[in-house]
Each structure stands twice: as C-alpha cells, then as structure tokens.
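The structure appears below as structure tokens.
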2 protein chains.
Amino acid sequence: MKRVTLKQIAEELGLSVMTVSRALSNHSHVNGETRRRILAAANRLGYRPNYIAKSLVLQKTYTIGVVVPEITHSFFPEVIRGIEEVTYNAGYQLILTHSAENAEREKNAISTLEAKRVDGVLISTVQTVRDYSVYKELIRLKLPVVFFDRCVYNIGASCVSINDRESSQLITQHLIDHGYKKIAHLKGSLRVSISRARLAGFKSALLMNNLEIEDHLIVNAGFHEKGGYKAMKQLLTLPSVKRPRAVVAVNDPAAFGAMEAIYEKGLKIPEDIAIVGFSDDIRAPLMPTPLTTIRQPAYEIGKAASQKLIDIIEDRNIKPEKIVIDGDIIIRKSCGCR
Amino acid sequence: MKRVTLKQIAEELGLSVMTVSRALSNHSHVNGETRRRILAAANRLGYRPNYIAKSLVLQKTYTIGVVVPEITHSFFPEVIRGIEEVTYNAGYQLILTHSAENAEREKNAISTLEAKRVDGVLISTVQTVRDYSVYKELIRLKLPVVFFDRCVYNIGASCVSINDRESSQLITQHLIDHGYKKIAHLKGSLRVSISRARLAGFKSALLMNNLEIEDHLIVNAGFHEKGGYKAMKQLLTLPSVKRPRAVVAVNDPAAFGAMEAIYEKGLKIPEDIAIVGFSDDIRAPLMPTPLTTIRQPAYEIGKAASQKLIDIIEDRNIKPEKIVIDGDIIIRKSCGCR
DNA sequence: ATCAGTAATATTAACGATCACATTATTTTT
DNA sequence: AAAAATAATGTGATCGTTAATATTACTGAT
C-alpha cells in the first residue's frame, strides 16, 4: 500500500535523498557504481516516481486539460485522437472533461482544471456561451489556452477551426454551378460561430453570382435531424414556384432530417431538390442518395490545436493566432452530380 | 503568473495559514466574521486552490486513469461518456490515454498513470496482450483496477463486459429459428476474449439444436471489413450445396465486408444468404438490407465500470467481481425477418 | 607540501496545502 | 469563583521531490 519513496531507497543504501534523486533522473555528478546500486535498489523495492510531488516543486504538471461539449458525435473523438497523438509524443497527459453542452458544467470543468494546475487548456465551447468571463480569467492568469472548432475570438487566445465560411461558399458555389438559382439554407443557432460563418459563406456565394438572397429561404434548423426535418417541412409548404430547388444544410444531421422530409413529400433527390450537408457524417455515403458534403478534418484540427498549445506552453510561439484548416468538398450524388 | 496562495491571504489579513485553510474548506471552528473576511480576500485576490499540493498531503488525487485501445470507433467514445457521467457526479477527473492497440504504449500509459498517482484505473486492453505483468503489478500495488470490454480474468481485478457468449448464442438461435441449418461463423482473433466468447456462443447454439458444427464453416475474419470480405469470398467458393445459408459475423464491420462479397457474387440478402452482426454499428440500419445485430450498451458498460471502480476506491465494495451487461438483439432484415 | 580544481555526496529550504496538537480567549457549569 | 467545556486561532511537522548551496574527498600542478 505505502509506496516506496526516494527516502527509503536512500536509507537502504546509506545515501542522501538527493543523490538518489540525481541518479534516477540521470543527472551528472553521480558515481557510476553508486548509480548502479541505486538503480538496482529502486528496481528491487519497486520504486515508482511520484509526479505529484515533482509537479509541486517544478510548478509543471505535464498535463493538458481538454473540454469538449460532446463525446459521442464522431467529430470530437477524432479530434481527441489528433490531440492525443501530439501530446503523447510531447510527453503530456490529457485530462478529458465533458461539458455536455452545459455552461455551468463547463465552468466547473475549467476551474477544476485550473486547480489541478494543468499546463494548458484546449476548449471547444458549449453552444450557448454568453459569459466569456471564465475564458478571460484563464487568459488573465496567463494559462495557455487554445480554442478549437467552437472558438471565442478577440480575447487573446489562439483558435483552430475549419474554414467554415470559405467551405460553405465553396459548396454553395458548387450548387450554383449546377445551375440552381433558388437555393435555401438551413441554418444553425447563430450564437455559435460556425453557424454564422456558414451562413455568411452561403450568402456570399449567392452575392458573387448576383443571385437574390431571399430571407424566407433561410430557415432555422439547429444542428440535429429533427430540426432539419421541421425546417424542410416548412420550406415544402411553399407553393412549388417559390420552393427552393436546392438546399445547403448547416450540417449533415440537419441534411438527413431534411432529406426525410423531402422523401415524405414524395419528391426525389437530387432530381426535384438537391441538397448538400456539412461535416461528412459516417452515414452520409450510406443515404439512399449519398450526400455531398464538406469533410471536416477533425484529426488535423486536434493535431494543430494541441501543437499550438504545446508551442505556447514551451514558449516557442506564444502569440495568439487564428489557424484555419481547409475543409474538403466530398462530391456524391445529392448535389446532382453524375 | 505567480498564483495566489493561502499564505498570501493569511499575511494580507494577519491570520495564520491554517485559519484561512479552514475557512475556505468549510471546516468548523472559524468565526463567522473571520470567514467572511477570508472569503472576500480570496475572491479579491483571485485565489485558486492548488489541488497538486492538496493531493500530495492527502495522498489522493480524485483522478481516474482510463486506457482505451481506440478512440475513433463509436463504441469507446460512448463508454467514455458513461464513465464521465459517473465520475463527474462523484467528483473525479479523468486522465484519458490511448494505447492505439500498441502494447508498449499501453505499458507507458499505465506507468505514467501510476506516477501521477491516480486513485484508480479503467482499462480496456490492447488486442495482442501476452504479458500480464503490467496489470499484475497494479494489483500488487493495490491500485484499484477495473477492466471493461476487453478483460483479463483471474488476476484479482473486476471486469465489466457484455454477455458475449450468451448474446452470440441468442442471435445464432434467432437464425436457427428461421430454419437455417447450414450456418457459418466469421470469427475474430482468438487472442481476444470476445472472439472466443462469441465463437463459443455460436457453437453452443448449434449444439443445443443438434446441428453439426462444420469446421470449414468457421473462418477467420478479424474485426474489419476487409477481413470479413475475404472470409466471405472464401466461403462463396464452396459448391453451392456446401455453402452456408446464414452467417454469424463476429462484429458489424466484418458483416459489412461479407455483405459486399455476397452482393458481388450476385446473391441476395437475406433470400440467398442471411447474415447477422454484432455491435450495432451506426451504419447497420443504413445498409441496403439493414443488418440484424446485437447492440452493445456501451454507455451502460462505462457507467457500470466506473461505478465499480469508485466503489472500490471509496472502500464500499472492494471484492473483485465479474459484471456482465446484457446485449440487446436488434432485429432488422438481414436475418430474414420481414 | 600546498593550493586549486573537480568529482561525489550531503544539507537546507522550498513547493502549497492539511493534520494533529498546542495555545489563548470565552462561555457554561456547579 | 473555580473548574470545565468549547470556540477561535496558531505552531510545527508532513506529503515526496528538486534547486541551490555546502561539504568532503580526491587529483594533479607547482
């Protein structure tokens, strides 16, 4: 039960604690023979270093806190894998916390991470953030912070996200290239930056092509199938001349919901209505009409965010920057291709 | 940068460190007015407790180590969500490590967790474990350990897994009830306990129904689509009288691969060959013929494992036990059901 | 033989908190 | 009024490690 300490090894060998410490952490100024004896004793007694004590004196934990709003959705696990890959190689551990999209819980998580004296924090915020004081406090304490995917700008932290605006513009342009003129957008909550960016990209694609932006074709869907279904249902109540011929959904689940509404109405995809999503959900290629979408390179986001964080922690590249990862357009059939 | 400590608050107010400590951790024997002053000062100075120091003196970190072989696959994220739910409510944090199915990396992860003095460890082992000494060492140190999904038995640790044998028997029985007599099994690596259990369940269902176990109908597929595809291809080279009329795959990906091989041969599912999987992959309901499978209640596994671990840590229910969670059979069409 | 220089090891303090016990002040009991 | 109990606060040691500095022992140069 009681763990072996340096002190015990020292007493066993009639040495001082310091010599044992030096020997085990490979410092110089230790006699070769003494070092051998110490290593042997450490091994024999089953010594395990105590990083808690080490952290206390060195003021460094080699631990990074991660705050995600969701774990189940396939995007975040993939990001975490990217984070893990980089941090593992740099010798850091991960404390994973899950806010469950709950601001209160996120706040708790962050203050626990602070109390555990993590060397840095990676955050993807909850959807309903209103109060930035928690994040600002971290910055004030000079605790390195990097946001990913769901960012908070202009508070002095770095942020890694995908190029939502450009990607959204790109995929909308793709529909326009197919000749569609009446295009609807199923938007997410505008409290979340990605929703705003995707909406902006959608609008700018229309503008660039001198197409009219019709407000009644921009409807709220949220991020889930149910919302997409409802939003599409609403669009389908329009008289058929006013109805959109193509739809840009804020993400794939919303698109799936919309597709269901379209089928229910007895319409065909893409013949009657074309649709594109965003996120390349694992189900996207398996839909009756496979969904054209934007793949978010989650693994790369995780890698970039954790790399930036470690750079800050190790004092290499401390100035806040906005890192943008390009999304890939994945062409399938729902847009009208092939 | 320099964080505020109890000592600073104490000096500020002309009190001793101990009084401040007591006031902030809600102990008795502190004057109401004094407590108020201390709280105010702590707040004003931006005091954040240092759990590292606390952990050192209390010999307790309120941290649990989790070792998973994979993060991307939807099963583990779901388990982690279950773990997180329980540990969050019990006031513990999670250090997540990822072995990437690599025994060396798993070993490193475990010894780092040990060094960080986690209060307990949850492990799902790598596929190729040969050396149990790492786990045995944990037990010897009396560090609470609970295995989940991929277990190591008979070394004195608890284990939470799904009832693989019974579930496999159940789903095989389901095929037998459809009247199939020639049933094949695509098995996984027998080094992994779940493969052995599923094979055993398959065999015992046949035995219970006096059906012959034909060795050439039990083929190696591994856990991925490619292996399933190859294995099925091999079965399909049999002359059609010797060919199986139904297939029990070790998991869903293997079943997907097999389904592809069946379609390629121009055969129909379930009319020509029925097939069932195991794991209820997110893609299972979306296949051209939706796949009948066993749902593994990942969230429940996570909850049960972490609950057991916390019980051990808090000395409530320390004796090792084998906890079995029932899998649910999810009936779709690939088995021949309507 | 003396001095400087280096190698090997020891000592002390510190990291930030808590525990057990000691002290002082205040209230209650008899 | 003295003794006992209780409340409020303080002291010193401790958790396991490392940094900085001190001591001791040995080597080689003059």
Side-chain angles (χ1 to χ4, degrees), chain A residues 1-39 41-42 45-63 111-112 114-119 141 143, chain B residues 1-39 41-42 45-63 111-112 114-119 141 143:
Chain A
M1 199 68 218
K2 263 273 156 266
R3 296 303 228 306
V4 179
T5 67
L6 292 186
K7 198 174 165 192
Q8 285 171 51
I9 300 180
E11 276 164 8
E12 180 94 3
L13 301 175
L15 291 166
S16 79
V17 174
M18 203 52 226
T19 304
V20 178
S21 167
R22 267 192 293 253
L24 291 174
S25 46
N26 258 345
H27 276 217
S28 56
H29 291 280
V30 179
N31 181 285
E33 173 55 23
T34 310
R35 165 166 286 140
R36 221 166 301 125
R37 281 172 54 221
I38 292 175
L39 259 51
L45 299 174
Y47 172 74
R48 310 277 150 169
N50 184 330
Y51 286 2
I52 296 291
K54 193 166 172 167
S55 291
L56 184 61
V57 58
L58 295 185
Q59 303 279 64
K60 165 117 190 155
T61 55
Y62 285 98
T63 304
S111 68
T112 308
E114 239 179 280
K116 290 217 165 161
R117 294 294 188 269
V118 294
D119 295 335
L141 285 169
L143 184 60
Chain B
M1 200 67 218
K2 264 276 155 264
R3 298 302 229 305
V4 180
T5 67
L6 291 187
K7 198 173 164 194
Q8 284 170 53
I9 300 180
E11 276 165 7
E12 181 94 3
L13 300 176
L15 291 167
S16 77
V17 174
M18 202 53 227
T19 306
V20 178
S21 167
R22 268 191 290 252
L24 291 174
S25 45
N26 259 348
H27 277 217
S28 55
H29 291 279
V30 179
N31 180 285
E33 173 55 22
T34 308
R35 165 166 288 143
R36 221 167 301 126
R37 280 171 55 221
I38 291 175
L39 259 51
L45 298 174
Y47 172 74
R48 311 276 150 169
N50 185 330
Y51 286 2
I52 297 290
K54 193 167 171 166
S55 291
L56 184 60
V57 59
L58 296 185
Q59 303 280 62
K60 165 118 190 155
T61 55
Y62 285 99
T63 304
S111 69
T112 308
E114 238 180 281
K116 290 216 164 159
R117 295 294 189 269
V118 294
D119 295 336
L141 285 169
L143 183 60

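All chains are named by letter (A, B, ...) in the order of the sequence lines, taking the proteins before the strands, and each is independently numbered beginning at 1. These values consider heavy atoms only, across backbone and side chains, with no hydrogens, waters or symmetry-generated copies.
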### Query
Of A:V57 and B:R35, whose nearest nucleotide on DNA chain D comes first from the 5' end?
B:R35
### Task
Return no unless some side-chain N or O of B:Y51 is found under 4.0 Å from OP1 or OP2 of C:dT18.
no
### Position toward the 5' end of DNA chain C (nearest nucleotide), A:L15 or B:S25
A:L15
### Message
Let me spell it out: for each of A:M18 and A:G32, pick the nucleotide of DNA chain C with the closest heavy atom. Which residue's pick is nearer the 5' end?
### Response
A:G32
### Query
Separation of B:K116 atom NZ from D:dC15 atom C1', in whole Å?
19 Å
### Task
Check every strand shown and say whether B:T34 touches a base, only sugar-phosphate, or nothing at a heavy-atom separation below 4.0 Å.
sugar-phosphate
### Message
So, under a plain 3.5 Å distance rule, would you say the side chain of B:R22 forms a donor-acceptor pair with the base of D:dG10?
### Response
yes
### Query
Does the side chain of B:R117 come within less than 4.5 Å of A:R48's, by heavy atoms?
yes
### Interatomic distance, A:L58 CG vs D:dT18 P [rounded to whole Å]
7 Å
### Query
Which angle, rounded to 10°, do you find between the first-five-pair axis and the last-five-pair axis of the helix from C:dA1-D:dT30 to C:dT30-D:dA1?
50°
### Query
Side chains of A:L24 and A:L39: closer than 4.5 Å at any heavy-atom pair?
yes
## Note on the structure
A:L13 atom CG is separated from C:dA10 atom P, nearest whole Å, by 10 Å
### Message
Looking only at the side chain of A:K54 (C-beta and beyond, no hydrogens), which of the listed nucleotides D:dT18, D:dG16, C:dG16 gets closest?
### Response
D:dT18
### Query
Between atom CG in A:L56 and atom C1' in D:dA19, what is the gap in whole Å?
14 Å
### Query
Looking at side-chain heavy atoms only, is the closest gap between A:E114 and A:L143 below 4.5 Å?
yes
### Query
Under a 4.5 Å cut-off applied to non-hydrogen side-chain atoms, are A:I38 and A:L13 in contact?
yes
### Task
Return the value, rounded to whole Å, for the distance between atom CD of A:Q59 and atom P of D:dA19.
12 Å
### Any A:S21 side-chain nitrogen or oxygen under 4.0 Å from OP1 or OP2 of D:dT17
no
### Message
What is the distance, to the nearest angstrom, from the CG atom on B:N31 to the P atom on C:dT26?
### Response
11 Å
### Task
Evaluate whether atom OH of A:Y62 has more than 12 neighbouring non-hydrogen atoms of other residues, nucleotides or ligands under 6.0 angstrom away.
no
### Task
Answer whether the closest heavy-atom distance between the side chains of B:M18 and B:H27 falls below 4.5 Å.
no
### Task
Using a 4.0 Å heavy-atom cut-off across all strands, classify A:G14 as base, sugar-phosphate, or nothing.
sugar-phosphate
### Message
Nearest whole Å is fine: how far is C:dC19 P from B:H29 NE2?
### Response
13 Å
#### Entry: Whole-Å gap separating C1' (D:dA13) and NZ (A:K7)
11 Å
### Task
Look at all strands and tell whether A:I52 reaches a base, only sugar-phosphate, or nothing, counting heavy atoms closer than 4.0 Å.
nothing
#### Entry: Exam field: side chain B:T34 to backbone B:V30, donor-acceptor pair closer than 3.5 Å
no
### Query
Under 4.0 Å between a side-chain N or O of A:S16 and OP1 or OP2 of C:dA10?
yes
### N/O donor-acceptor pair under 3.5 Å between B:S25 side chain and B:S21 backbone
yes
### Any B:Q8 side-chain N or O less than 4.0 Å from OP1/OP2 of C:dG16
no
